[in-house]
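This structure is in structure tokens; I'll ask about it shortly.
Just so it is clear: chains get the letters A, B, ... in the order the sequence lines come, proteins before strands, and each one is counted from 1.
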Protein chains: 2
Amino acid sequence: MEECAPSRPPLGLLLRLVHQHWTQAVEAALDEAGFGDIRPPHANVFTFARPEGIKVSELTKLAHVRKQTMTQAVEELERLGYVERRPDPDDRRARLVFLSERGKGVRPIAMATGRLIDERWAEIAGSQEIEQIKHALQRLLDRLQGDDQTGFGG
Amino acid sequence: MEECAPSRPPLGLLLRLVHQHWTQAVEAALDEAGFGDIRPPHANVFTFARPEGIKVSELTKLAHVRKQTMTQAVEELERLGYVERRPDPDDRRARLVFLSERGKGVRPIAMATGRLIDERWAEIAGSQEIEQIKHALQRLLDRLQGDDQTGFGG
DNA sequence: GAGATATAGACAGGTACCTGACTATTATGT
DNA sequence: ACATAATAGTCAGGTACCTGTCTATATCTC
């Protein structure tokens, strides 16, 4: 086990390139499934939507993006007819996001996309390899931010 | 070895969050070193610059970004006085990028930034953990693109 | 119940990457 | 040598994130 090269490619480059692959894979998968108008950032909305409705601010916490990013995704989905926004009866500042009928139909596909890519990558790189990467990244994140912020810690 | 949770946090989310941490760490390190005007994408230029000059198109291959991204980085560095561009005597289409005196002074710091972050992360998460992530990501990339495209393949 | 603070969302603007189309020049193949 | 293809670089435009500021409403404290 000689360590011939302790740190040749900067970690940042590897992260960027793999992340790019991931995004492109998600996009291609949505396209294949016939939902070319749904883009990766929209998938979060489908994943976390609830029948009782959900606030944009809650979505931002779950998906770990900023308000503006999530707002834009919701607005686009609203324009495309996949979601509706209605005032929150319990909080006059807030508007709740609901899936439309059309949105409910798409949900399983949009939610499954991430898992689909996981599986494809497991096929080409080995599923334990992928799991190992995930666990390692998760541990690294936990140490970097001192606490589980992915909301998937359970 | 029970697999209690085969794939809870989508890999894409982990990659995005860790990459964000990385970028912020690089930015903070450059800032600490007193080079607040140098931003992460500029670091590549310093890393790959050569005394004989280098074409933007070569830089794009080494850093794995597109022409426009690299061109912008070079233009900004030119405006800041860190690099100069001169016509390539051997190819009238091309312009060669050279480090200015000022740029040469900054080079060690800009080049070292990635390694510095590596070391800091190794301290908080364990150096073998970091190495393991790098190797795993590298293997994954190789399998995804069928070939080593990082230019660090050894 | 008045005042400080936190939260929901809107608005304006920036960054680091991407794509595609275009011109000028160089390399290639017959 | 001449048509074709590849390459260097520019221009125009798009995406998915980010930051900071601002208003309206809620909550918490005294």
request  = Assess whether one donor atom and one acceptor atom, taken from the side chain of A:Arg93 and the base of C:dT7, lie less than 3.5 Å apart.
outcome  = yes
inquiry  = Run B:Arg16 and A:Trp22 through side chain to side chain contact (heavy atoms under 4.5 Å, CB included) and show every step you take.
reply    = CA-CA 10 Å; B:Arg16 179 163 59 79; A:Trp22 172 270; over 6 Å; no
remark   = From the candidates C:dG9, C:dT25, D:dA16, the one with an atom nearest any side-chain atom of A:Val56 is C:dG9
Check: D:dC11 base within 3.5 Å donor-acceptor of B:Gln68 side chain = yes
task = May I ask you to evaluate whether B:Ser57 reaches the phosphate of D:dA8, defined as a side-chain N or O under 4.0 Å from OP1 or OP2?
result = yes
ask   = Base, sugar-phosphate, or nothing: which does B:Lys67 touch, judged by heavy atoms less than 4.0 Å apart?
value = base
Atom-to-atom span, CD of A:Gln20 to P of D:dG14 - whole angstrom = 20 Å
A:Leu17 CG to C:dA16 P, straight-line distance once rounded to whole Å = 17 Å
ask   = If you look at every strand shown and take non-hydrogen atoms under 4.0 Å, does A:Thr23 touch a base, only sugar-phosphate, or nothing?
value = nothing
ask   = Any idea which of C:dT26, D:dC18, C:dG9 is nearest the B:Asp91 side chain?
value = C:dT26
key: D:dT10 phosphate, OP1 or OP2, under 4.0 Å from B:Arg85 side-chain N/O   = yes
ask   = How many Å lie between CD on A:Glu27 and C1' on C:dC17, as a whole number?
value = 14 Å
task = Can you tell me the distance, in whole Å, between the CG atom of B:Asp88 and the P atom of C:dT26?
result = 9 Å
ask   = Counting just side-chain N and O atoms, does A:Arg39 come under 4.0 Å of either OP1 or OP2 of D:dT15?
value = no
query = To the nearest angstrom, how far is A:Arg16 atom CZ from D:dT15 atom P?
reply = 20 Å
inquiry  = What is the separation between atom CG on A:Asn44 and atom C1' on D:dA16, rounded to the nearest whole Å?
reply    = 11 Å
key: Whole-Å gap separating P (C:dT7) and CD (A:Glu58)   = 13 Å
message = Between the side chains of A:Glu58 and A:Arg50, is the shortest nitrogen-to-carboxylate-oxygen separation below 4.0 Å, so that they form an ion pair?
response = yes
key: Under-4.0 Å salt bridge between B:Asp118 and B:Lys134   = yes
query = Between A:Glu32 and A:Arg120, is there a salt bridge with N-O shorter than 4.0 Å?
reply = yes
ask   = Hey, is the side chain of A:Arg95 poking within less than 4.0 Å of OP1 or OP2 on C:dA10, counting only N and O atoms?
value = yes
request  = For the pair A:Gln24 and A:Gln20, evaluate side chain to side chain donor-acceptor pair (under 3.5 Å) and give the outcome as yes or no after the intermediate values.
outcome  = CA-CA 6 Å; A:Gln24 284 165 16; A:Gln20 273 173 21; 5.0 Å; no
key: N or O in side chain of B:Arg92 less than 4.0 angstrom from C:dT26 OP1/OP2   = yes
note = When A:Pro41 and B:Gln24 are each assigned the nearest nucleotide of DNA chain D, the 5'-most assignment goes to A:Pro41
ask   = What is the distance from CD of A:Glu76 to C1' of D:dA16, rounded to the nearest Å?
value = 10 Å
